[in-house]
Amino acid sequence: MEALQIYNSLTRKKEVFKSITPGYVGMYVCGPTVSGESHLGHARPYITFDVVNRYLQHLGYKVRYVRNITDAGHFEEEGREAEDKISNKAFLEKLEPMELVKKYTDLFHWGMKEFNTLSPSIEPTATGHIVEQIEMIKKIMADGYAYEVDGSVYFDVEKYNRDFSKKDLPYGILSGRVLEDMQESSRELENQEEKRNKVDFALWKKAPAKHIMRWMSPWGEGFPGWHIECSAMSTKYLGKEFDIHGGGMDLQFPHHECEIAQSAVCNDKIPARYWMHNNMITINGRKMGKSYNNIIKFTELFSGNHPMLDQAYHPMVIRFFILQTHYRSTLDFSNDALKAAEKGLRRLMEGFETLGILNVESPENAADATLDKKVRSLITEMDDFMNDDFGTAKVLANLFELVPVINGIKDGHIKKDAISQSTMELFKKQMQLYVEDIFGLKKVSEHAGEQLNGVIQVLIELRKEAKTKKDFVTSDRIRNELAALGILLKDEKGGNVSYQFE
RNA sequence: GGUCUUGUGGCCGAGUGGCUAGGCAGAGCUCUGCAAAAGCUCCUACAGCGGUUCGAAUCCGCUCGAGACCUCCA
């Protein structure tokens, strides 16, 4: 098995992953801004990094996974009126800002649970780390890389770039931008007279009179700038240098670029070794995002209550849909694609379930050496695919190739002794590992309770009897009426009957 | 305008220069009282034009198309 390789946005190539402290991984992922309901686009990074987290744990690492909650509302649009979007919306909804933040945080957590993501080890909030942020800003100022103007503090990008380029840490190192080009090309924005340079960014903003969210600082009442929370909190919980920093591609610039600059001043190094950026979910070829007005919220997705949705989609279908694509590719949303995912997932999960209850008499040596070898190779390849920058799509392809083998053994056209015992054990172990433990997939349809299951079994027995008597009117009636209720009976090869809910 | 990414069969999507990705849909067959499920088989594409190479979806150039970032964004 080859070592895990991760595509590092910083170096723009795949690199062998080596953690700073052997056996441990520190990973920071930019979390949601809880000023509104999460949408499908948000599902991608959290599901992607959930799998990264699970896989690293599988590899034996003890992972400290930190994912923040941005609840401190930063300036909405710098160029226009600096305003706190959280407090602004609170006025509209007549809620206290913290009430609003709580509501959307809870909704976010609910969504994450629906997607079956594991909780991060630490989930720090920006409002809970105002002190740390202020301390960091003070340090940046003391070092001469920030200046105060009328209660606001800005990062001096030009000076930083001049000095840190000598240390091979120019501004733009992550996104590949050249400062001079940006100064020429960046758009002319209003209300920037406070800044010495238009590329400078805010570390602390003075709170306007109507601003509700405000904290005392050495520079007066205000609120922290957009980027400082991640620098402060990642440093606090993961140290000056940690292993993986993740987030959506749209955060690469300026957010992560600014984080690097802030941390470089304070800690003299790039905060993370490996920078991972997931690509966007698009809808009709366009990025799903607030600005495009094309978002589908979790609640709408799960209920089907949205003009663009033909039907409701189960969270597991979304999860599967996302894993079917490599995380660095764009993923285009469409009803057709999700419906295909729904069917595919069902087939995979049924195969997985069948494997668990398969009654085989595996011999020492496989009766069908070719098949045995094929199964083995499909299984072992999965680790290689994952180690190649988390190739979940390819792993799924292999899992699908194994499904006919499972069904074949069940149906009996593959003999029970075709596969050796050791291969069979590996087969079961790896299916379990990938389907549930690493990919976090669960069966969509719920199981019937004891009672309902009993009732269905009675009907199945009655139908079997009817069939034996060639009373097809009765047998078809049972089947059709159950089907009308969404319970699908499936006659299997050996005379068994299984059912599924639609 | 600057920086970058991308263009794969009906749809969604893997693809490291040479070997059938896979899923969904569709067609045929097997099983079956019928249907469904399941199994087997088929549908073999890489925007266009050049170039490099024994060989290119994969590398290079040009043309056309799409998108992202440069402003809050996952």
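Per chain, numbering begins at 1; letters A, B, ... match sequence-line order. Quick caveat: nothing in here was measured; it's all calculated off a predicted structure.
Atom NZ of A/Lys490 has more than 12 heavy atoms from other residues, nucleotides or ligands within 6.0 Å.
Separation of the C1' atoms belonging to B/G26 and B/G15 is 25 Å when rounded to the nearest angstrom. Atom P of B/C69 sits at a distance of 34 Å from the matching atom of B/G18, rounded to the whole Å. A gap of 12 Å separates the P atoms of B/A35 and B/U30, to the nearest Å. The gap from the P atom of B/G13 to that of B/A68 amounts to 15 Å, rounded to the nearest Å. Atom name C1', nucleotides B/G17 and B/C11: the rounded distance is 29 Å, in whole Å. When the C1' atom is compared between B/U41 and B/C31, the two are found 15 Å apart, to the nearest whole Å. Spacing of P atoms, B/G33 relative to B/A14, comes out at 43 Å, to the nearest Å. Taking the C1' atom of each, B/U44 and B/C19 are spaced 14 Å apart, rounded to whole Å.
Side-chain atoms of A/Asn278 never come within 3.5 Å of backbone atoms of A/Tyr327 as a donor-acceptor pair (strictly under, hydrogens ignored). At distances below 3.5 Å, not a single donor-acceptor pair connects side-chain atoms of A/Asn8 with backbone N or O atoms of A/Lys13.
Pair assignment for B/U6 gives B/G65, based on Watson-Crick or G-U wobble hydrogen-bonding distances that are each under 3.5 Å. Pairing for B/G17 is absent, with no Watson-Crick or G-U wobble pair whose two atom distances lie under 3.5 Å. Pairing for B/C29 goes to B/G39, judged as Watson-Crick or G-U wobble with the two contacts each under 3.5 Å. Under the Watson-Crick and G-U wobble criteria, each requiring two contacts below 3.5 Å, nucleotide B/C34 is left unpaired. When both distances must be under 3.5 Å, the Watson-Crick or G-U wobble mate of B/C59 is B/G51.
Remark: the A/Ser291 side chain and the B/C72 base include a donor-acceptor N/O pair separated by less than 3.5 Å.
Residue A/Met249 is out of contact with every strand shown, counting any heavy-atom pair closer than 4.0 Å.
Side-chain proximity of A/Thr325 to the nucleotides B/G13, B/A25, B/A74 is greatest for B/G13. In this structure, the nucleotide among B/A68, B/A14, B/A74 sitting nearest to the side chain of A/Tyr292 is B/A68. For A/Arg286, the side-chain atoms get nearest to B/G67 when compared with the rest of B/G67, B/C34, B/G13. Of the candidate nucleotides B/A74, B/G33, B/G2, B/G33 has the atom nearest to the side chain of A/Phe472. For A/Lys287, counting side-chain heavy atoms from C-beta on, the closest listed nucleotide (B/C11, B/A68, B/C34) is B/A68. Taking every side-chain heavy atom of A/His326 into account, B/G15 is the closest of B/G22, B/A74, B/G15. With distances taken from any side-chain atom of A/Glu401 to the nucleotides B/A21, B/C24, B/A74, the minimum falls on B/A21. Minimum atom distance to the side chain of A/Asp332 is reached by B/C12, of the listed B/A74, B/G33, B/C12.
Listed by first then second residue, pairs satisfying salt bridge (Lys or Arg N to Asp or Glu O under 4.0 Å) with a partner in residues 310-323 of chain A read A/Asp50-A/Arg319, A/Asp310-A/Lys339, not counting sequence neighbours.
Whole-Å rounding puts the A/Gln252 CD to B/G67 P distance at 20 Å. Distance CZ (A/Arg346) to P (B/G22): 22 Å, rounded to an integer number of Å. Computed from coordinates, the A/Lys13 NZ to B/C4 C1' distance equals 18 Å when rounded to whole Å. When rounded to the nearest whole Å, the span between CG of A/Asp476 and C1' of B/U32 equals 12 Å.
Toward the 5' end of RNA chain B, the nearer of the two residues A/Leu396 and A/Tyr46, judged by each one's closest nucleotide, is A/Leu396. Annotation: of the two residues near RNA chain B, A/Ala337 and A/His255, the 5′-most nearest-nucleotide partner is A/Ala337.
A salt bridge does not link A/Arg177 with A/Glu257: none of the charged nitrogens is closer than 4.0 Å to a carboxylate oxygen. With respect to the salt-bridge test (charged N to carboxylate O, under 4.0 angstrom), the residues A/Asp388 and A/Lys394 do not qualify. Ion pair A/Lys374/A/Asp368 not flagged as a salt bridge, since none of the NZ, NE, NH1 or NH2 atoms sits closer than 4.0 Å to an Asp/Glu carboxylate oxygen. Comment: A/Glu350 does not engage A/Arg347 in a salt bridge, judged by the lack of any side-chain N to carboxylate O separation of less than 4.0 angstrom.
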Let me have a per-nucleotide readout for nucleotides 35-46 of chain B, 5' to 3', with B, S or -, counting only protein heavy atoms under 4.0 Å. BBBSSS------
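Regarding contacts with the backbone of B/A14, a side-chain N or O of A/Ser329 is found under 4.0 angstrom from either OP1 or OP2.
A/Glu37 and A/Thr299 form a side-chain donor-acceptor contact under 3.5 Å, judged by distance and modelled atom types alone.
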